[in-house]
Protein chains: 2
Amino acid sequence: MPRAGLDAGTITRAAAEVVDEVGYAGLTMGLVADRLGVRAPSLYKHVTGQADLGRRIAVLAVTEIGDALRDALQGRSGRQALEAAASTTRRYARDFPGRFAATLYVTAADPQDPLHLAWLRVVESHSAILRGYGIDEEDTRHALLLLRAFLDGFSLVEPAGDMHTEDEIDLGLRWSITFIDRGLRELSDVPSSP
Amino acid sequence: MPRAGLDAGTITRAAAEVVDEVGYAGLTMGLVADRLGVRAPSLYKHVTGQADLGRRIAVLAVTEIGDALRDALQGRSGRQALEAAASTTRRYARDFPGRFAATLYVTAADPQDPLHLAWLRVVESHSAILRGYGIDEEDTRHALLLLRAFLDGFSLVEPAGDMHTEDEIDLGLRWSITFIDRGLRELSDVPSSP
DNA sequence: ACCTCCTGGCTAAGAATGTTACCTTCGGGC
DNA sequence: GCCCGAAGGTAACATTCTTAGCCAGGAGGT
């Protein structure tokens, strides 16, 4: 029987598909192995265990979000950039619920953690949004936290769908973007609409 | 041997202590049983299983947050109310990390779900904050979403502590509160400082 | 006081899963 | 063609959730 040609990457991608289907809590080594046409113990040749696999899913997801943000922010600034970032983050959370959950549950340990580096790229995109508003460096640092809390928090509220309808969230999101955009413009040294 | 006097409530409280110590993912029936001086299968006389127990922890946590918010908002309005809500939510997330995680992971199924009712009380507190700003009903509805995303999102970013120091988060939170407070005051029909 | 019955806790056992130990075989380098 | 490391397989073990079935304890009626 030929080798399956596994490596950590293919296993992680298969695992990411699994969590998107069965939820992050439903991840099992057996399901991942099945998807790859392989037996569960074979996975341990490439990942150290389920915890490791979970971390790798989180790194993959944060990296993908970072990529998506970078693409979406090309050539946009101000309110358009805010909108693009919000809808990108939200779409990712909806299309890949398991992966997105991983980004919330798994936290980086040390600054060398690949997860940390992946997050830095996301933060860089958030910074790019703020750069367009021309606010000073200290405000930018604080606003970054607000932005992350807002974007992640909003995508988080989504699955708790019992409280709000899809449309209501859509409207709320657009309203919130207007709210934040206005606040940021007022902070700006050179208001774009004085 | 005397009866232990278990019921769903005591089991849930014990389980809540367990998750705060070992993390939500580390919850096992055995740990809960140990804490109560009882064998694991006995728990099944009062809760249907681990999933049920997880839901009950979430309900407990959301209820506690609701109570804490209600207390903290007594006699405060405007910016003070915002600050009180943020620090209350954040303190809860830090003091009871396992329980707080449960509020993020578990989602209500139907509108009769006790979890849904518990969330309604939290939303009621958020509404109370906004009420003080005198903004119209539609804006209030949208702002509620913003508030929930912000408060939960901020408490969520906290454990990902590799990226920001404690003080930095503190400052960012105060800055964000100022930001939101100003935005809300500008929405107000009767600006408090015209 | 005693009997009865249900409740609540226990032990034992089964099923699912994560993980390790060890074996086998593929496939490239000499 | 041989050798050896790496990749995958099988078997087995440990942990944990959960169910089945037993037994005691105590509340309530007589």
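The stretch residues 18-31 of chain B touches DNA chain D through Leu27(B), Thr28(B), Met29(B), Gly30(B), each having a heavy atom within less than 4.0 Å of the strand. Near DNA chain D, defined here as any heavy-atom distance below 4.0 Å, the residues from residues 43-57 of chain B are Tyr44(B), Gly49(B), Gln50(B), listed numerically.
The side chain of Leu6(A) lies closest to dG8(D), out of dG8(D), dT20(C), dC10(C).
Counting heavy atoms from C-beta outward, Trp175(B) and Arg141(A) have side chains that stay 4.5 Å or more apart. Using a 4.5 Å cut-off on side-chain heavy atoms (C-beta onward), Arg55(B) and Gln50(B) make no contact.
No hydrogens or angles considered: nothing links the side chains of Asp152(A) and Ser155(A) as a donor-acceptor pair under 3.5 Å. When only modelled atom types and interatomic distance are considered, Arg131(B) and Thr140(B) share no side-chain donor-acceptor pair under 3.5 Å.
Aromatic ring centres of Tyr105(B) and Tyr105(A) lie closer together than 6.0 Å. A ring-centre distance under 6.0 Å is found for Tyr92(B) and Phe96(B).
Spacing between atom CZ of Arg39(B) and atom P of dA12(C) amounts to 9 Å, rounded to whole angstrom units. Rounded to an integer number of Å, the gap from CG of Asp34(B) to P of dG9(C) is 15 Å.
Between Ile11(B) and Leu53(B) the shortest heavy-atom distance is CG2-CD1, 3.9 Å. For Ala108(A) against Asp113(A), the heavy-atom pair with the smallest separation is CA-OD2, 3.5 Å.
Residue Ser42(B) has no polar side-chain atom (N or O) positioned under 4.0 Å from OP1 or OP2 of dG8(C).
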